[in-house]
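Report on the structure given below.
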Amino acid sequence: MKARPPQLRRLALVILAVLVLGGGSLGYVLHARHRGLPTATVDGSFSLAGPGLYYRDSATGQVARRSDTGGPPATGGPACERFYATGERALCLRKLPGIPARTQALVLDRRLREIKRVTVPGIPNRARVSASGNVLSWTAFATGDSYATTAFSTRTSILDLRTGYLIKSMEEIPLTIDGTRYHASDVNYWGVTFARDDNRFYATVSTKGRTHLVEGNLRDWSAKALRENVECPSLSPDNTRIAFKKKVSDDPAAPWRLYVLDLADMREHPLAETRSVDDQAAWLDDKTVGYALPGRDGRAADIWSTPADGTSEPSLLVPGGSSPAAVS
């Protein structure tokens, strides 16, 4: 057999290196016990066992817990840029170093031990876990870093822990708008929220400069648009209402306001929070929503809460916090 010319050998090595380095950006699921991979938990005593409000502490970047009974917050959780949890599972999003940007989604059990990880292209943006902990979703900015402009694209994934099946991008889901099967190259999804049956979900879809609330079905793998101008939906614990941000201004510095939509009659009402909220609000209970706003006194973010019925004034809940998740 003839030896390969040096040029061909070098070309083969370059192709192999590109494949190895690029593999992480394609998305994959790995068990946390894979040798050499660090675990997410910092302090073994910190877990989802204690009820309360879990959140990302802006000062440390780690997850902390504020107990319902008061007292100082518990610390020692994993370091995350976005976080969400229910009583059984948690989802921690991290931005990996290097260029291009990549997001690492860490799936954690009740003791916040890493059980799976997925790597996708982009910057961490949204995270959600179903009430049972069986289904998880995350969104990353593939390009851009703000919904206030049109110069962005997203990649939203869904992971079903019951089967281990990973949907790397929702863009291929059959979409119906105004009763017609819809096709367009500029479709973007973000902000998934799950119903209690682990099948129905809601999300935002953007196309042709408009946003829509879509209702999706995992079993049928289908989605239909319900309403325009709904972003970052969050389904209430009783599954009857959706908190969302609505575009109310063309001012890029303050384009949105928080609203709640009643799914029974599709009526909406604004919340008492009049500041522009660029967050996927989290229901703290059936009567209250929490969300992050740019922090005061130089803090990166603060967590606020406001009644879901639109009454009363917003309250500062956690100074220097973001990614709120209420665990009972």
Side-chain angles (χ1 to χ4, degrees), residues 14-30 32 34 36-40 42 55-63 77-84 90-108 114 116-129 136-159 166-173 185-192 203-207 211 231-232 245 252 255-256 278-280 292 294-295 300-301 321-323 325:
V14 170
I15 294 173
L16 178 61
V18 169
L19 290 174
V20 170
L21 292 174
S25 65
L26 297 177
Y28 56 90
V29 179
L30 294 176
H34 191 287
L37 297 181
T39 60
V42 175
Y55 61 94
R56 180 185 185 270
D57 177 64
S58 299
T60 64
Q62 293 178 276
V63 175
C80 310
E81 293 187 53
R82 292 289 186 272
F83 178 79
Y84 196 76
L91 180 59
C92 171
L93 303 186
R94 292 172 169 173
K95 184 179 182 297
L96 294 176
I99 298 174
R102 292 179 300 153
T103 289
Q104 188 178 73
L106 304 174
V107 181
L108 313 175
E114 183 182 329
K116 290 184 183 292
R117 63 171 58 190
V118 179
T119 302
V120 295
I123 302 170
N125 181 248
R126 300 285 184 248
R128 274 300 185 266
V129 183
L136 308 93
S137 178
W138 54 88
T139 299
F141 276 118
T143 60
D145 60 1
S146 173
Y147 295 113
T149 70
T150 57
F152 74 88
S153 65
T154 59
R155 178 180 295 238
T156 296
S157 305
I158 296 178
L159 173 63
L166 171 66
I167 298 164
K168 297 177 184 177
S169 176
M170 286 182 59
E171 292 179 7
E172 300 305 318
I173 188 171
S185 60
D186 68 341
V187 166
N188 280 299
Y189 286 90
W190 68 85
V192 173
T204 299
V205 66
S206 169
T207 180
T211 59
E231 297 184 51
C232 297
K245 63 178 194 180
W256 300 291
D278 183 11
D279 196 13
Q280 186 174 14
S322 63
S323 294

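Residue numbers start at 1 and run along the sequence shown.
By the side-chain contact (heavy atoms from CB on, under 4.5 Å) test, I173 pairs with Y189, F201, W221, A223, sequence neighbours left out.
Among all heavy-atom pairs drawn from G191 and T139, the shortest one is N-OG1, 3.5 Å. Summarising the geometry of S157 relative to S137, their closest heavy-atom pair is O-OG, 2.8 Å, with the distance given to 0.1 Å. Shown here for R155 and K168, the closest heavy-atom pair between the two residues is CG-O, 3.6 Å. Of all heavy-atom pairs spanning A127 and Q280, the tightest one is O-OE1, 4.4 Å. Pairing each heavy atom of S58 with each of G321, the nearest pair is OG-N, 3.6 Å.
A 4.5 Å side-chain heavy-atom check between E81 and L93 finds every atom pair outside the cut-off. Between Q62 and D57, the closest side-chain pair of non-hydrogen atoms is not below 4.5 Å. No side-chain heavy atom of L106 sits under 4.5 Å from any side-chain heavy atom of K116.
Residues W190 and Y147 bring their aromatic ring centres within 6.0 Å.
With rounding to the nearest 0.5 angstrom, the OG1 atom of T119 is 5.5 Å from the CG atom of L96. Atom CD of E114 is separated from atom CD of Q104 by 6.5 Å, given to the nearest 0.5 angstrom. Between the CZ atom of F141 and the OG atom of S153 there is a distance of 9.0 Å, given to the nearest 0.5 Å. Note that the OG atom of S323 and the CG atom of L91 stand 10.0 Å from one another [nearest 0.5 Å]. Here the straight-line distance linking atom OG1 of T207 with atom CG of D186 works out to 3.5 Å at 0.5 Å rounding. With rounding to the nearest 0.5 angstrom, the OG1 atom of T103 is 8.0 Å from the NZ atom of K95.
Formation of a donor-acceptor pair under 3.5 Å by the R56 side chain with backbone atoms of C80 is found in this model. Although no hydrogens or angles enter the test, the distance criterion places a donor-acceptor pair under 3.5 Å between the side chain of R94 and the main chain of A79.
The pair K245-D279 does not meet the salt-bridge criterion, since no charged nitrogen lies less than 4.0 angstrom from a carboxylate oxygen.
When the options T156, V192, L159 are evaluated for a side-chain contact (heavy atoms from CB on, under 4.5 Å) with W138, the one that passes is L159.
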- For the pair T154 and N125, evaluate side chain to side chain contact (heavy atoms under 4.5 Å, CB included) and give the outcome as yes or no after the intermediate values. CA-CA 9 Å; T154 59; N125 181 248; 5.7 Å; no
